[in-house]
Amino acid sequence: MKKMWWHEKTAYQIYPKSYLDTNGDGIGDLRGVINKLDYLQDLGVEIVWLSPIYCSPLADQGYDISDYYNIDPRFGTMEDMDELILEAKKRNIGIVMDLVVNHCSDEHEWFKKACENPDSKYGKYFYIENWDGKNLPSNWRSAFGGSVWEPLPNHPDKIYLHTFHKKQPDLNWENPELREEIYKMINWWLDKGLAGFRIDAIINIKKLLPYKNFPADRDDGLCAISCMLEKASGIGEFLGEMAKRCFIPHNAFTAGEVFYAKDEELPDFIGEDGYFSSMFDFNETLCNTSEMGWYDQKPITPEQYKACCFESQSKVSDFGFLSNIIENHDEPRGVSHYIPKGECSLKSKKMLGGLNFLLRGIPFIYQGQEIGMENTKVNSIDEVDDIAAIDEYKVSLDAGLTEEQAIEVLNHFSRDNARTPMQWDNSENAGFTTGKPWLKVNSNYKDINVESQINDKNSILEFYKDLIKLRKNPDYTDAIIYGATVPYLKEQKNLMAYYRKGEKQTVLVMGNFQTDKQDVVLPAKIKNVLINNCENIDMKNDIVTLEGYQLLVVEI
Ligand code: TEU
Ligand code: CA
């Protein structure tokens with residue numbers, strides 16, 4: 001496999017609105033990110049992905065962009081952005097921004113002009129259809145609930161398509177003129193020195209046309225948008241064009257947020273000459289999800305988690321690098337989702353983090369994951385910001401849950417869980433702001449914060465630094481970066497163990513995904529102990545007895 005500059009990096013996702021507020025308005029800002037570059041350099045990360053900071057009405061917290069060429073004043077200025085790129089580079093950190101081009105904001109100039117004259121060139125930047133006031137072109141459901149079709153403002157005889165919120169009109173990628181606008185913008189940002197992009201909801205840009213209905217999957221007569229996306233074909237024309245025109249000439253790192261990719265297309269997506277450098281592994285995230293809604297989703301078991309990870313690894317290990325996560329800004333906190341209820345501990349959080357981090361691919365640490373931040377708790381829908389959660393609350397009530405039960409569902413799955421302010425120290429508002437935080441700080445910030453973990457050799461933060469150090473250790477590049485992930489004792493219940501087999505060296509990763517001890521037969525003598533989240537190793541001959549939630553990583 002051709003070696004690329006990003007292969008050995010560790011990435012870190014920042015949700016700027018919740019990272020650090022430096023002007024007391026309760027909203028995180030770019031100055032806050034700049035102030036934390038030394039912290040990030042000390043952690044050891046070398047790619048930093050910023051969730052959107054472009055001008056936006058924040059209907060979907062910035063994933064609804066009203067000006068691709070400017071920084072929203074709530075986050076700072078373009079000068080701040082230029083300083084961030086420069087200061088990050090000095091610390092060997094590449095800044096990756098969020099490329100949100102399946103849709104823009106309904107407050108973008110293009111959509112305003114489309115509403116003024118739907119027959120203008122801007123009208124063709126969107127999916128605007130004639131409407132008889134009754135029949136819709138398709139029964140697709142928006143990701144945020146309700147039909148994907150919305151009346152076009154000032155034109156009662158027309159409707160427009162939005163696969164997400166109605167304030168996020170879909171851009172029509174079938175239109176080459178629109179695509180040229182997008183490529184121009186991408187290159188403008190890459191010329192400014194970005195290291196690359198995370199590419200938002202990109203599978204949505206290719207619709208199945210002409211429009212057609214699919215069997216309804218709920219009483220609302222609608223169907224999940226995935227029914228259509230899975231049937232669409234030909235996205236490669238757009239993605240290949242974008243890669244050729246933008247990413248390849250800049251040697252940019254790109255990580256696709258790709259749901260519903262067809263297995264046979266994976267090499268096209270992330271193979272050597274693929275559209276993207278990498279794509280996120282959502283297999284674990286999607287495990288047990290239901291078209292009926294969050295209320296119908298069962299907890300994922302350790303055995304399911306293991307199976308999902310190994311399945312993803314096996315699908316791409318011959319040709320590509322996945323981007324591995326336990327959480328992001330759309331998901332519950334990983335330690336609250338993947339560790340069985342009531343078993344969150346220092347050890348289990350480290351074990352989960354290490355098992356995911358050491359899989360083959362690019363590890364993406366989400367802000368707060370490095371200190372073991374957990375889900376937060378709300379008591380009423382009034383405390384909820386996330387538009388997806390607000391929709392799912394209604395879905396739960398419609399399905400017959402009580403308000404209390406529906407809130408419980410949100411306390412597990414709401415995207416707000418990952419968006420509560422970063423917990424820096426045990427001062428008021430966890431050191432995130434001197435003002436009123438835009439979203440309530442998790443009440444556990446006095447116990448879980450950066451300051452209390454820095455230089456505590458037993459902390460989760462120091463543990464992640466050790467993982468990153470191992471990944472950067474040139475003695476282990478062969479196994480840790482390029483080695484194949486090969487399951488070991490896959491049938492042994494609640495043992496998640498796998499080799500990282502390099503050409504010249506082999507590392508064995510073993511995680512005991514339960515509270516009870518369990519014996520593991522070692523396949524060979526241990527040459528070196530690389531990571532251990534416990535004090536000791538209980539070994540007799542070739543049997544190691546792992547403590548509950550022990551993670552042991554050895555060279556054999
Ligand atoms: O998410 C795309 C997406 O399809 C899933 O994350 C899911 O549909 C969504 O989170 C609702 O549950 C991306 C961004 O990560 C997300 O934050 C945005 O809301 C969405 O696109 C629209 O830009
Ligand atoms: Ca601020």
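When a ligand or atom number is given, it counts from 1 through the structure's own listing order. Given the structure is predicted, the values throughout are model-derived calculations rather than measurements. For reference, positions follow the sequence shown, starting with 1.
Considering backbone and side-chain atoms alike, Trp294 places every N or O at 3.5 Å or more from each N or O of ligand 1.
Near Arg419, the atoms of ligand 1 lying under 4.0 angstrom from a non-hydrogen atom of the residue are 17 (O). Counting atoms of ligand 1 from 1 in the listed order, those under 4.0 Å from a heavy atom of His329 are 14 (C), 15 (O), 16 (C), 17 (O). Residue Asp60 has at least one heavy-atom neighbour below 4.0 Å for each of these atoms of ligand 1: 18 (C), 19 (O), 20 (C), 22 (C), 23 (O).
Between the side chains of Gln405 and Ser396, not a single donor N or O lies within less than 3.5 Å of an accepting N or O.
When heavy-atom distances to ligand 1 are checked against a 4.0 Å cut-off, Arg198 comes that close only through its side chain, counted from C-beta outward. Looking at His103 against ligand 1, only its side chain comes within 4.0 Å, counting heavy atoms.
The closest protein non-hydrogen atom to atom 10 (O) of ligand 1 is Arg415 NH1, 3.2 Å. Looking at atom 12 (O) of ligand 1, its nearest protein heavy atom turns out to be Ala388 CB, 4.0 Å. Among all non-hydrogen protein atoms, the one lying nearest atom 6 (O) of ligand 1 is Asp330 OD2, 3.0 Å. Taking atom 7 (C) of ligand 1 as the reference point, the nearest protein heavy-atom neighbour is Phe164 CE2, 4.7 Å. Among all protein heavy atoms, the one lying closest to atom 5 (C) of ligand 1 is Phe259 CE1, 3.8 Å. In terms of protein heavy atoms, atom 1 (O) of ligand 1 is closest to Glu257 OE2, 3.0 Å. Scanning the protein heavy atoms around atom 11 (C) of ligand 1, the nearest turns out to be Phe144 CE2, 3.6 Å.
Phe413 and His337 have perpendicular rings, their planes meeting at more than 60° on a 0 to 90° scale where under 30° would count as parallel. The aromatic rings of Tyr338 and Tyr305 sit tilted relative to each other, their planes meeting at an angle between 30° and 60°. Using cut-offs of 30° and 60° for the angle between ring planes, the Phe276 and Phe247 rings count as tilted. Between Phe259 and Phe282, the ring planes are parallel. Angles under 30° get that label, and only those over 60° would be called perpendicular. Between Tyr15 and His329, the ring-plane angle classifies as parallel under the 30° and 60° cut-offs. Between Trp110 and Tyr68, the ring planes lie tilted relative to each other; the angle falls in the 30° to 60° range. Using the six-membered ring where Trp is involved, Trp149 and Tyr211 have ring planes that are perpendicular, over 60° apart on the 30 and 60° scheme.
Taking the six-membered ring where the residue is Trp, the centroids of Trp424 and Tyr19 are separated by under 6.0 Å.
Each of Lys206, Lys207, Arg179, Lys124 was compared with Glu174 under the salt bridge (Lys or Arg N to Asp or Glu O under 4.0 Å) criterion, and only Lys206 meets it.
Counting heavy-atom neighbours within 6.0 Å of Glu403 CD, excluding the residue itself, gives a total of 12 or less.
Of all protein N/O/S atoms, those under 3.0 Å from the Ca ion (ligand 2) are Asp21 OD1, Asn23 OD1, Asp25 OD1, Ile27 O, Asp29 OD2, and waters are not counted.
Summarising the contacts of atom 21 (O) of ligand 1 with Thr163, Asn102, Asp200, Leu229, the nearest heavy atom is found in Asp200.
Applying the salt bridge (charged side-chain N to carboxylate O under 4.0 Å, His left out) definition to pairs two or more places apart or across chains, those involving residues 211-227 are Arg141-Asp217, Arg141-Asp220.
The closest side-chain heavy-atom distance from Met422 to Met373 is below 4.5 Å.
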